[in-house]
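From a predicted model like this one, the values you see are computed outputs, not experimental measurements. Here is how names work: the chains are called A, B, and so on, in the same order as the sequence lines, proteins then strands, and each is numbered from 1.
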Amino acid sequence: MNVRTYGFEWIVGAGTTLTNFLNYLKSENGVEKDNEILAVVEHSDYWAGVLITIKNRRAYFQYKKRGEGFRVSVQKLEEGTSIVDLNFFIINSDTGKGLYQHYFHSAYLSTFGNICAHRYLSFKTINGLKGRLHQNILVKPDTIEKYAQQLAQIKKVEVEFVSATYSEREFRPVAATATRVVHTAIFDHRWEHNPREIKRAVVDFFNKQKEKLSKAKVIGKDGNGLETTYRLVNDPDVFLEYDYEDFIKDLTLDTDNLEAALKRSDSIARLLEVAERDGVKQLLKAKTK
Amino acid sequence: MLLAVLFFSACVGTLVYFDPGLTGLYDLYSTKLQTPLFSGFLTIGGFLLTLKTFVLIKLKESLYGSDFYQAELKEKRHLNPNLSTYGPLSRLGHFLIFSVVGALITATAQLSIGFIHHKVAAAVCIGFAATTLLLVFKAWWEIRKNLSAWFDLLDREDKHNRATATR
């Protein structure tokens, strides 16, 4: 099983800053709400955090090979213990962009976004604010174009893209802040009878917009005639992938030293290392307007 | 360019249509506007020619050619590899030359087309003047924006140097 790292972006509502929200989350470090524990701490240029999801199971199945056959038995957990999933993340409080680790069956990026958006509701109520927390997925170039190329026939395309880019201006130097690009497009069904034209147009479109795409759904038929849907939101760009065994070793977190443990964590160190790579660093640190 | 042509056409069309002045547009133009427009735009053309060289060299040295701007540009190219270093400055230079040429053509027009005794000729000469004035204001505005960008860059560089010094 692999652990994958995805990019995301948070946008807070009007009247507050991301730093204020992160400080609010920090004030509730280690507090369990709806079987979830969130903890954040400031760490170099980023805020490091972890989402701990407590599973509601008191027992689990264990599989053991025995010679030619196998045995499945029930293993009960000790009183007061539970199985948990851990999802580490980092976020840049200036730009709102960050990286999130996920492995199979742990909280997906969209779930993480919903949990934090829920916490934002409390933060908003306490501070008398309006608006909500938006979460977008960050992508690297070439992703959706690759998906579109894989389809033999494209029937429908819905795209929304959010990203950052610097535009060259006509008579002035490049701006200090990046431009945030948001565009939603829905494919026209009139071209249903010309599949080759559809695919060419869609691939051309993605080729031109690839660096800006964050959410897209492409519905079509693969080479075997089976209807296939590619959803970028469920298949976002992976910034890093490594084995679960490397992730889980020597991992201990307790509320007495949650913040110190986060700072010492190998997972956080890995995320920070990815965040410093060329291309990723510029994407995460690009302030957008 | 297209905007300038459209503006020029709109000016000429409006002047010909309304034919202002008590005794007609041409009389108004030849008695009140022809000489001042000639000398004024000749002066503007000469002034822009000297300003252009000075501004371009100064902006190239202090803004586009500065190490700090180059370093920032290198970082930004990770998100958009097509960013050019001196593209905006080159285009600004061309626009300033275009404005100078516009001013000289306007001055010349007062002494050539301006002597054709017809309201259309007068409208064309005034149209040239209005359009060139627009170009000159646009050029000055872009120079102002570049100077603002230069000061912002100096501020960012200063903050960066102070932050680096305290580490």
Could you pull out all donor-acceptor pairs under 3.5 Å where a side-chain atom in residues 3-10 of chain B meets a protein atom, sequence neighbours excluded?
residue	atom	partner	partner atom	Å
B:S9	OG	B:V5	O	2.8

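- Residues of residues 142-160 of chain B placed with any heavy atom under 4.5 Å of a heavy atom in chain A are listed by number as B:E142, B:K145, B:N146, B:A149, B:R156.
- Atom NZ of A:K26 is surrounded by more than 12 heavy atoms from other residues, nucleotides or ligands within 6.0 Å.
- Both the backbone and the side chain of B:E75 come within contact range of chain A, with heavy atoms under 4.5 Å apart.
- Among pairs with a residue in residues 49-59 of chain B, none fulfils side-chain hydrogen bond (donor to acceptor under 3.5 Å, both in side chains), at least two apart in sequence or across chains.
- Within the model, atoms OH of B:Y64 and CZ of A:R172 stand 9.5 Å from one another, a figure rounded to the nearest 0.5 Å.
- Residues of residues 96-125 of chain B having a heavy atom under 4.5 Å from any heavy atom of chain A: none.
- A:K285 does not touch chain B: none of its heavy atoms, backbone or side chain, sits under 4.5 Å away.
- No part of B:S90 comes within reach of chain A, as not one of its non-hydrogen atoms sits under 4.5 angstrom from that chain.
- Heavy atoms closer than 4.5 Å to chain A are found in both the backbone and the side chain of B:L83.
- Checked by atom type and distance alone, the side chain of B:Y69 pairs as donor or acceptor with a backbone atom of A:V174 at under 3.5 Å.
- Interface residue B:K138: only side-chain heavy atoms are found under 4.5 Å from chain A.
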